[in-house]
Amino acid sequence: MARCRGGDDSSDGRPRRLLIQLIRWLGQQHAQLRRRQGWNYGPLSSAAKKDVDVSLKTSTYSNENQFQAFVKQSLRTPKAPDIFTWHTGAQLEQLVSQGLVADTSSVWKEAVANKWVSPSIEKMFTIKGKQYCVPLEVDYWGMYYNKAIFQKYNLTPPTTWSEMLSDAATLKSHGVVPFYSQDGNPWAFVYYMLIMAGTDLNEYNAINDGKASYTDPQVKSVMDTWLSMLQKGYFSDPGSTTPSQTVFKDGDVAMQPFGTWYPGTLAKVGMKPGSDWGIFPIPAIKAQDGKTPVAVETAPVCVTAKGANKAAALKYSKWLMSPAAQSTWSKAQGILPYNPKAKAANSTLQGFGQQVTDASKYTTYLRYYEAAPAPVLTAALNNFTGFMTSPGDPTKYLQGIQSASSQYWASNK
């Protein structure tokens, strides 16, 4: 893989456009956990050329293990990429502890001062008081609903958990499946996450930090709530191979929870925002200090600590958080920009974004897929899949997850 040249001036003194190399992984996580085609960096690179005289050369890995191995090995060598996509949480902390990722605190300080990004998002990129990487995008989870179905049965977007379950009962009575089931592994975590965080956010966070147990009574209660919904037939078949957007368009399910990246997927089957689908914040079972929790997933872009074009990479990172960059990315991908001064791809997303970023009414938490340590996540996905396909007493499933959690935290406290 060739290194990309970069710098401020050419050998004859004339300005030379800065070119930085981006290494990204486009594998199972993006194919299955985002349900859309790969990111198209073309519009973003073109806009960066125009705005800050920095352009991208991207290289893609389709295998996660190969991608991670290359990044971890190359960051110490002249073959290191200038920037690369990664994860927040434990995987980022590992690279930071080894001095491989550049400090972006000054970039964040300016972005927060400009009100380009919420301080709550800054916390997700903070390690020991400093910030590392910047978000390419920030996706808030909401409940997408089929507007034709809601109109047919005189339903309006619910604002409480009990209202949502009442709507589900109405839909079920008319032969409509209320909720998409997330088709098992690797999506099996979704309803655990939504019900757990919506019941006791402190417990949800404590479990992910190894400070509470999956066998606690609060978790058993959450699983019983999920079990009740399963037994009432509120979910689609978890074994179905029909894509979520297809069953949604065909009216086979009325609601499905996804991040604000999902509209791009719906557009591919011809569903239009506002007329064909809407989105509402997922109600909490119990408000958390008077606020409704909202799951958030982020897509970090990191600067290599000793990269050949570090200055240009930091310049690009600063621009990436700007209204211009986020408006461009939103238009290219059909997503919600995290910068409130940027223009969203559609007014439906814009309205939802303004709603869930109201800190007086909503609080954010990290999506379970990123919040749980990798070994624990693997065990959880397997056990939640088993629970979904063979609903019953959740105790054995929770014990299976806790076994992996105890083992992990015994050596990672």
Keeping to residues at least two apart or across chains, list the side-chain hydrogen bond (donor to acceptor under 3.5 Å, both in side chains) pairs with something in residues 152-162. Thr159-Glu163, Thr160-Ser162
Going by the rule salt bridge (charged side-chain N to carboxylate O under 4.0 Å, His left out), which residues pair with Glu110 if we only count those two or more places apart in sequence or in a different chain? Lys318
With sequence neighbours excluded, what pairs up with Ser403 under the side-chain contact (heavy atoms from CB on, under 4.5 Å) test? none
Test your reading of the model: is there a side-chain donor-acceptor pair from Asp358 to the backbone of Gln354, 3.5 Å cut-off? no
Is it true that atom CG of Asp289 has more than 12 heavy atoms of other residues, nucleotides or ligands lying nearer than 6.0 Å? no
Distance col, row Leu227:CG vs Tyr191:OH, nearest 0.5 angstrom, shows 15.0 Å
Measure the CD1-OG1 distance between Ile127 and Thr88 for me, rounded to the nearest 0.5 Å. 9.0 Å
Any side-chain to backbone donor/acceptor pair from Ser330 onto Gln326? Under 3.5 Å, distance only. no
Check the side chains of Asp51 and Trp319 for a donor-acceptor pair under 3.5 angstrom, ignoring hydrogens and angles. yes
Would you say Lys315's side chain and Val52's backbone share a donor-acceptor pair under 3.5 angstrom? yes
Expected output: side-chain Thr260 to main-chain Tyr140 donor-acceptor under 3.5 Å: yes
Is there a side-chain contact between Thr85 and Phe67, using heavy atoms and a 4.5 Å cut-off? yes
Sorted by chain and number, sequence neighbours left out, salt bridge (charged side-chain N to carboxylate O under 4.0 Å, His left out) with Lys249 holds for none
Which residues pass the side-chain contact (heavy atoms from CB on, under 4.5 Å) test with Tyr397, sequence neighbours left out? Asn383, Phe387, Ser390
Just how far is it from atom CG of Asn114 to atom NZ of Lys341, taken to the nearest 0.5 Å? 6.0 Å
Distance from Lys147 atom NZ to Asp276 atom CG, nearest 0.5 Å? 9.5 Å
One pair to check against side chain to side chain contact (heavy atoms under 4.5 Å, CB included): Phe189 and Arg367. What are the steps and the verdict? CA-CA 9 Å; Phe189 68 90; Arg367 188 177 72 156; 3.8 Å; yes
For Tyr132, the ring pair (Phe, Tyr, Trp, His ring centres under 6.0 Å) test, sequence neighbours excluded, returns none
